[in-house]
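Structure first, then comments.
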Amino acid sequence: MVFKPTNDLDTYISHENTCETGVVRSNIFMNYIQNGPIIKNKDSLVSSFVPDEIIHRDEEIAQISSVLAPSLRGYQPNNLFIYGTVGTGKTITMKFILSELIRTANQNGGGVKPIYINCKMKRVADTEYRLIAQLLKEMGVYVPDTGISTNILYKRFFEEIEASKDSIFIIVLDEIDALFKKIGDEFLYNLTRSSSELENTKISIVGITNDLSFYDRLDVRVKSSLGEEEIVFKPYNALQLRDILLGRCITGFSAMPEGGVINKVAAMAAHEHGDARRALDLLRVAAEIAERFNDTMIEERHVDMAQDKLDLDKTVETVRSQPRHSQAVLYAMIKLHEEGKNKNSNRVQVQGNGVHWADKRLLTGDVYDRYKSICNAHKMPTLTQRRVSDLIGELDMLGIINARVISKGRYGRTRQITLALSDSVLRKTTNLLKERFV
DNA sequence: AGTCCACAGGAAGGGCAGGCGA
DNA sequence: TCGCCTGCCCTTCCTGTGGACT
């Protein structure tokens, strides 16, 4: 059988790693070498890549630079908060500015020490202890993962800071809202209050967040000790996204995409709140798919397939990495969803138009009952409803389900749950969970 | 207006694994 | 080795909620 490229993602995936005979060939990489890749420099096609020039962010760069510039003269910059939705270039702009700041500081004798930490990284800075430990690690100080009290850790941290005489530390906390959600704002208070007592060095904090209401939720005493400045990054529009993509195409591809590809990717990403990260992911995956099809150019159909693949990969991987009980809860929802669908389709056949098409909304109590029966069938201990309620909340936060609290009057308050998965993603997820719970 | 239901969700604490320091 | 510290996962207890029902 000769495999012809199609627009069907399942066909693509199922043939992704096979050959005509199903026998593994010894020259499996030959096609890649012979046909020549579309991708010239993959690094420049990922969202974390910091290019030499940041476009469409001149105003923001000027604003942030003016806030941080006093550090070059030995003065403490104001604390700064940067807001903006996902993929608006906050992180990349900040990293660009930090590299420029270091370069300029080095030319002028040093003294500025930026530390960048992503607070969303699991087991890196998702607790107060880990945050301070990570700050110390960034300063070259070994810290054990556990075993030391947080107070002692703070003490060590400020001792290290003080030892760096006449320096200005700029601590950039990316996704600071994630840390705030976990541990509150005490760490901000501790950092700002203690830093005001330092004699030889100074600390400034730059918080980056997607949450525009973040500052409003801080405690009053934290707000007063922060005394912050704020900058909001607006979403990119389709034209700006197109410019960004064109820039990355030049550095990333040896063959430019087909005519409408860039516009299509830009339009799709602009539709998703001007998300440049999504635009780059789409373009990169489309290029990878085109290469695997041995095509010489990225076409619009590759972009459509990339869109499906990104959604699929993200969700299935998320489900795969969940704890077993979370998977059991999700499996309970999928089973109830399937049964509801079948039941209603039968009823439609029997009763004609008298019954509405599948009511796919599930309730917490039903999900919990089914979850318990799945646990019993697999000899797993059952978690309490309280805990399962939290797991449902986590699945909601991950975007796998939509859960909304409703009141059914005297029949109580509950969560109304719907699956937030497309058909192809649901199929893959169901297969994955069936393997775990057969 | 008061009652009731089926939870939601906050707070507190238990048990566990693992590291540090005396 | 032991006590103390941590994070993590979990349970128990409790109060709050909001719309239907009486």
Side-chain angles (χ1 to χ4, degrees), chain A residues 117-160 173 175-187 190-191 213 217-219 318-333 336 359 361-376 378-398 400-418 420 436:
Chain A
I117 289 179
N118 186 340
C119 302
K120 217 169 186 177
M121 292 281 282
K122 272 213 158 193
R123 302 193 174 274
V124 172
D126 53 353
T127 65
E128 189 171 14
Y129 181 93
R130 284 175 183 163
L131 171 69
I132 306 303
Q134 189 61 30
L135 285 170
L136 279 163
K137 282 174 191 167
E138 293 287 337
M139 295 164 75
V141 180
Y142 168 75
V143 179
D145 290 341
T146 60
I148 300 175
S149 83
T150 310
N151 287 341
I152 291 173
L153 218 54
Y154 267 112
K155 192 163 164 272
R156 278 196 200 171
F157 172 66
F158 285 115
E159 280 170 3
E160 282 297 322
L173 301 174
E175 312 264 12
I176 193 171
D177 51 304
L179 187 55
F180 172 73
K181 270 181 203 155
K182 282 215 158 195
I183 62 168
D185 53 13
E186 196 67 23
F187 71 99
N190 290 339
L191 278 177
S213 65
R217 288 188 281 121
L218 292 176
D219 192 274
T318 306
V319 172
R320 198 193 302 276
S321 64
Q322 289 306 298
R324 192 163 165 78
H325 283 286
S326 276
Q327 292 179 342
V329 171
L330 180 60
Y331 191 51
M333 291 172 188
L336 287 169
D359 180 20
R361 291 167 189 168
L362 316 169
L363 302 177
T364 302
D366 300 333
V367 171
Y368 185 63
D369 289 343
R370 179 53 62 93
Y371 157 80
K372 279 195 291 189
S373 64
I374 289 171
C375 286
N376 290 337
H378 293 87
K379 308 249 185 305
M380 287 165 61
T382 312
L383 300 180
T384 58
Q385 184 152 342
R386 175 70 188 86
R387 180 66 190 136
V388 168
S389 176
D390 281 344
L391 295 182
I392 291 172
E394 285 168 21
L395 290 171
D396 184 26
M397 273 188 46
L398 290 168
I400 296 168
I401 60 168
N402 291 317
R404 191 166 60 95
V405 178
I406 57 155
S407 174
K408 285 154 60 77
R410 74 171 305 165
Y411 303 107
R413 227 167 141 245
T414 184
R415 274 201 188 106
Q416 200 174 56
I417 302 159
T418 49
R436 306 263 158 120

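All chains are named by letter (A, B, ...) in the order of the sequence lines, taking the proteins before the strands, and each is independently numbered beginning at 1.
Atom CG in A/Leu363 sits roughly 18 Å away from atom P in B/dC5 (whole-Å rounding). The separation between A/Tyr368 atom OH and B/dA8 atom C1' is 15 Å, rounded to whole Å. To the nearest angstrom, C1' of B/dC7 lies 13 Å from CG of A/Asp390. When rounded to the nearest whole Å, the span between CD of A/Gln322 and P of C/dC8 equals 15 Å. At whole-Å resolution of the value, CZ in A/Arg324 and P in C/dC10 are 13 Å apart. One atom, CZ of A/Arg387, and another, C1' of B/dC7, lie 17 Å apart when rounded to the nearest Å. Rounded to an integer number of Å, the gap from CG of A/Leu383 to P of C/dT12 is 11 Å. A/Leu131 has its CG atom 15 Å from the P atom of C/dT6, to the nearest Å.
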**Fill in**
With B for base contact, S for sugar-phosphate-only contact and - for none (protein heavy atoms under 4.0 Å), nucleotides 15-22 of chain C reads -BBBBBSS

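With contacts defined as side-chain heavy-atom distances shorter than 4.5 Å, the pair A/Tyr368/A/Thr382 qualifies. Here the side chains of A/Gln322 and A/Leu391 are not in contact, with every heavy-atom distance at 4.5 Å or above. Between A/Arg370 and A/Leu362, the closest side-chain pair of non-hydrogen atoms is not below 4.5 Å. A heavy-atom distance below 4.5 Å is found between the side chains of A/Arg320 and A/Arg436. Taking 4.5 Å as the limit, some side-chain heavy atom of A/Leu173 sits within range of a side-chain heavy atom of A/Leu131.
No more than 12 heavy atoms of other residues, nucleotides or ligands lie within 6.0 Å of CZ in A/Arg404, so this atom counts as exposed by the packing criterion.
OP1 and OP2 of C/dC10 both lie 4.0 Å or more from every side-chain N or O belonging to A/Arg386. Distances shorter than 4.0 Å separate none of the side-chain N or O atoms of A/Arg415 from OP1 or OP2 on B/dA6. Taking 4.0 angstrom as the limit, A/Ser389 places a side-chain polar atom (N or O) nearer than this to OP1 or OP2 of B/dA8. In this model, the phosphate group of C/dT11 is approached by a side-chain N or O of A/Thr384 to a distance below 4.0 Å at OP1 or OP2.
Partner of A/Asn402 under the side chain to side chain contact (heavy atoms under 4.5 Å, CB included) criterion, chosen from A/Leu395, A/Ile417, A/Thr418: A/Thr418.
Judged purely by atom type and a 3.5 angstrom limit, A/Asp396 has no side-chain atom pairing as donor or acceptor with the backbone of A/Ile392.
Residue contacts for A/Thr382: at a heavy-atom cut-off of 4.0 Å it reaches the sugar-phosphate backbone alone, with no base atom in range.
Relative to the side chain of A/Gln385, the nucleotides C/dC10, B/dA8, B/dC7 differ in distance, and B/dC7 lies closest.
Looking at A/Asp390 and A/Arg386, a side-chain N of the basic residue comes within less than 4.0 Å of a carboxylate O on the acidic one, giving a salt bridge.
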Could you go through nucleotides 13-15 of chain B and list every protein N or O atom that sits under 3.5 Å from one of its N or O atoms, giving the distance for each pair?
none

